[in-house]
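Report on the following structure.
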Amino acid sequence: MSVIDKIFEKAKKNPQRVAFPEALNEKMMQAAYEAGSEGYIKPILVGEADEIKAAIKERGYNEEVFKIVDVNDEDYKTLLVEKYTSLPDTRLKEKALRRRMEDKLQFAMVMQAADEADVTFAGIDYTTGDVLLAGQMIIGMKPGLSTISSIGLCDIPGYEGSEGSLLAIGDSAVCTNPNPEQLASIAIAACDTVKSLLDWEPRCACVCYSTLGSGQGELVDKVTEAVKIANELRPDLAIDGEFQLDAAINPIVAQKKVNRDSKVAGKANVVIWPDLNVGNVAVKLIQQFGHADAYGPMLQGFNKVVCDCSRSAPVSEIKGNIVISAVRAAGEKR
């Protein structure tokens with residue numbers, strides 16, 4: 001059974017409520033319908049109810065699969081405003097919140113913050129910037145984390161790592177040139193993400209061109225400082241470095257290069273790149289030469305699971321990312 005099959009199996013055991021603010025988009029509605037009718041999620045379509053119902057009928061879907069939330073339902077909007085503004089540490093007062101809720105993406109996120117949904121899923125009509133900004137304002141950041149980032153999951157044929165052919169990598173999509181604090185935040189969030197999604201015990205390596213001082217310079221200093229910060233913030237997590245990639249994932253190389261005890265060296269299941277240049281090139285090398293399937297990117301750092309999918313993604317990929325997001329949300333409740 002492939003990793004994605006296992007994730008789908010987990011989703012079916014505990015389907016989560018996923019809000020879709022781009023409900024009328026044909027690809028998004030089809031992916032939501034397939035994921036809902038097959039029992040992986042409980043899809044919530046957010047928008048003008050009459051338009052949504054007409055589109056469902058026109059496209060031949062069973063309306064009972066969906067819950068439809070009408071953004072013009074003033075009673076429901078008032079309920080959401082009351083629930084949201086009563087949350088601790090909320091930055092938005094009623095007037096500002098109502099103004100923001102005129103936008104469907106932000107309406108859906110208010111639902112999520114108010115525990116009326118478990119995931120907000122968008123990215124087909126909204127840009128990544130729209131999703132990130134709305135998430136930071138409405139959902140907020142997880143305590144202890146300073147940046148939004150992403151993680152991907154690679155299934156690499158022929159790779160025999162500590163989790164078989166699987167390796168989690170980040171950040172390959174969002175944070176361009178993280179400082180040490182941001183890099184530490186990415187590593188911590190990545191550990192929490194793989195734990196909630198895959199039930200792994202994370203072993204996270206922060207990599208660069210040096211292993212424990214074999215190279216010198218500001219690029220190395222950034223990574224060593226990030227490891228120090230991450231360990232101070234989350235001593236419960238196994239985050240180590242700085243390591244070269246081979247020392248991080250290959251136990252034979254680690255034996256030669258890492259001359260101290262490490263829970264991570266040679267058996268890392270999470271690899272954190274030093275910046276987006278490395279991350280972007282690396283993920284394409286893994287795909288092009290390693291012929292890997294790469295799942296994600298999954299956004300991380302928000303208080304709750306928010307997903308931004310590629311605007312060019314086919315329905316099958318959107319459906320897969322919907323299900324992955326739902327399993328993450330279920331895992332974060334544990």
Side-chain angles (χ1 to χ4, degrees), residues 14-25 28-29 31-33 35-36 40-56 63-143 145 148 299-309 321-322 325-326 328-333:
N14 187 14
Q16 300 293 296
R17 302 163 297 172
V18 181
F20 296 92
E22 299 162 325
L24 291 177
N25 182 281
M28 194 64 90
M29 183 181 280
Y33 184 74
Y40 299 117
I41 63 163
K42 298 173 182 174
I44 305 170
L45 302 184
V46 180
E48 281 81 12
D50 290 344
E51 290 182 6
I52 291 173
K53 288 180 181 180
I56 290 172
E63 189 179 310
E64 292 182 0
V65 169
F66 301 111
K67 176 179 177 180
I68 298 170
V69 167
D70 190 342
V71 294
N72 297 316
D73 182 339
E74 288 301 324
D75 289 341
Y76 186 58
K77 192 183 290 185
T78 298
L79 172 70
L80 290 177
V81 169
E82 288 174 357
K83 290 180 78 170
Y84 186 88
T85 53
S86 67
L87 294 171
D89 303 323
T90 180
R91 289 180 289 175
L92 294 170
K93 303 300 181 189
E94 179 176 347
K95 187 176 178 182
L97 184 63
R98 284 185 177 275
R99 192 164 57 243
R100 287 184 172 276
M101 288 175 71
E102 292 173 8
D103 174 73
K104 297 181 182 71
L105 173 63
Q106 299 190 58
F107 190 106
M109 288 192 184
V110 173
M111 287 175 56
Q112 186 181 6
D115 198 29
E116 296 279 315
D118 302 302
V119 176
T120 299
F121 195 96
I124 288 284
D125 297 326
Y126 287 100
T127 66
T128 296
D130 293 333
V131 176
L132 296 181
L133 283 173
Q136 285 175 294
M137 181 55 67
I138 306 291
I139 301 293
M141 300 288 293
K142 269 191 179 173
L145 297 185
I148 302 300
L299 294 179
Q300 53 183 16
F302 293 119
N303 256 329
K304 297 188 173 188
V305 176
V306 172
C307 191
D308 168 53
C309 67
N321 279 325
I322 291 169
S325 300
R328 284 180 62 199
E332 291 192 359
K333 291 179 180 177

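Because only heavy atoms are used, hydrogens play no part in the values below, and waters and symmetry mates are left out as well, while side chains stay in. Please read these numbers as outputs of a predicted model, since none were measured by experiment. Index from 1, following the sequence.
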Discussion item. The test is side chain to side chain contact (heavy atoms under 4.5 Å, CB included); show your working for M111 and T120 and say whether it passes.
Written reply: CA-CA 9 Å; M111 287 175 56; T120 299; over 6 Å; no
Discussion item. Side chain to side chain contact (heavy atoms under 4.5 Å, CB included), that's the test. Do I68 and E63 meet it? Break it down for me.
Written reply: CA-CA 9 Å; I68 298 170; E63 189 179 310; 4.0 Å; yes
Item to complete: Decide side chain to side chain contact (heavy atoms under 4.5 Å, CB included) for Y33 and I56; before the verdict, give the C-alpha distance in whole Å, the side-chain angles of both, and the deciding distance to 0.1 Å.
Response: CA-CA 10 Å; Y33 184 74; I56 290 172; over 6 Å; no
Worksheet entry | Derivation and outcome, side chain to side chain contact (heavy atoms under 4.5 Å, CB included), residues V69 and K67 | CA-CA 7 Å; V69 167; K67 176 179 177 180; 4.2 Å; yes
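Inter-residue side-chain proximity for R98 and T78 is flagged as met; some heavy-atom pair is nearer than 4.5 Å. Contact of the L132 side chain with the L299 side chain is registered, since non-hydrogen atoms from C-beta on lie closer than 4.5 Å. Put simply, the side chain of F20 reaches to within 4.5 Å of the side chain of I322, judged on heavy atoms. Annotation: side chain of Y76 is not in contact with side chain of D70 (no heavy-atom distance under 4.5 Å). Residues N14 and K333 have side chains not in contact (no heavy-atom distance under 4.5 Å, counting atoms from C-beta outward).
Within a 6.0 Å sphere centred on NZ of K95, heavy atoms belonging to other residues, nucleotides or ligands number 12 at most. For N72, the CG atom counts as densely surrounded, since its 6.0 Å shell holds more than 12 non-hydrogen atoms of other residues, nucleotides or ligands. With a 6.0 Å radius and a threshold of 12 heavy atoms from other residues, nucleotides or ligands, K83 has its NZ atom above the threshold. Within 6.0 Å of atom NZ in K53, 12 or fewer heavy atoms from other residues, nucleotides or ligands are found, so the atom counts as exposed in its surroundings. Applying the 6.0 Å contact sphere to CG of D73 captures more than 12 heavy atoms from other residues, nucleotides or ligands.
Atom CE of M137 is separated from atom CZ of R100 by 4.5 Å, given to the nearest 0.5 angstrom. Taking CD of E116 as the reference point, atom OH of Y84 lies at 14.5 Å (rounded to 0.5 Å). Within the model, atoms CD of Q16 and CD of E332 stand 10.5 Å from one another, a figure rounded to the nearest 0.5 Å. For the atom pair F302 CZ and Q112 CD, the distance stands at 9.5 Å (nearest 0.5 Å). From Q300, atom CD reaches atom NZ of K142 across 8.5 Å, with rounding to the nearest 0.5 Å. Taking CD of Q136 as the reference point, atom CD1 of I148 lies at 5.0 Å (rounded to 0.5 Å).
Using a 4.0 Å cut-off between charged nitrogen and carboxylate oxygen, E48 and K104 count as a salt-bridge pair. Between D115 and R17 a salt bridge is recorded (basic side-chain N to carboxylate O distance below 4.0 Å).
Heavy atoms only, all atoms of each residue included: V131 and C307 are closest at CG1-O, 4.4 Å. Contact detail for V65 and G36: the closest heavy-atom pair is CG1-C, 3.8 Å. The two residues K93 and T85 make their nearest non-hydrogen contact at C-CG2, 4.4 Å. Of all non-hydrogen atoms in L97 and V81, the two that sit nearest each other are CD2-CA, 4.0 Å. Heavy-atom minimum distance, A113 versus L87: O-CD1, 3.5 Å. Nearest approach of M29 to I52, heavy atoms of both residues: CE-O, 4.2 Å.
Not one N or O on the side chain of Y40 forms a donor-acceptor pair closer than 3.5 Å with the backbone of A326.
A side-chain donor from one of D130 and T127 sits under 3.5 Å from a side-chain acceptor of the other.
Partner of I139 under the side chain to side chain contact (heavy atoms under 4.5 Å, CB included) criterion, out of V306, V110, V305: V306 alone.
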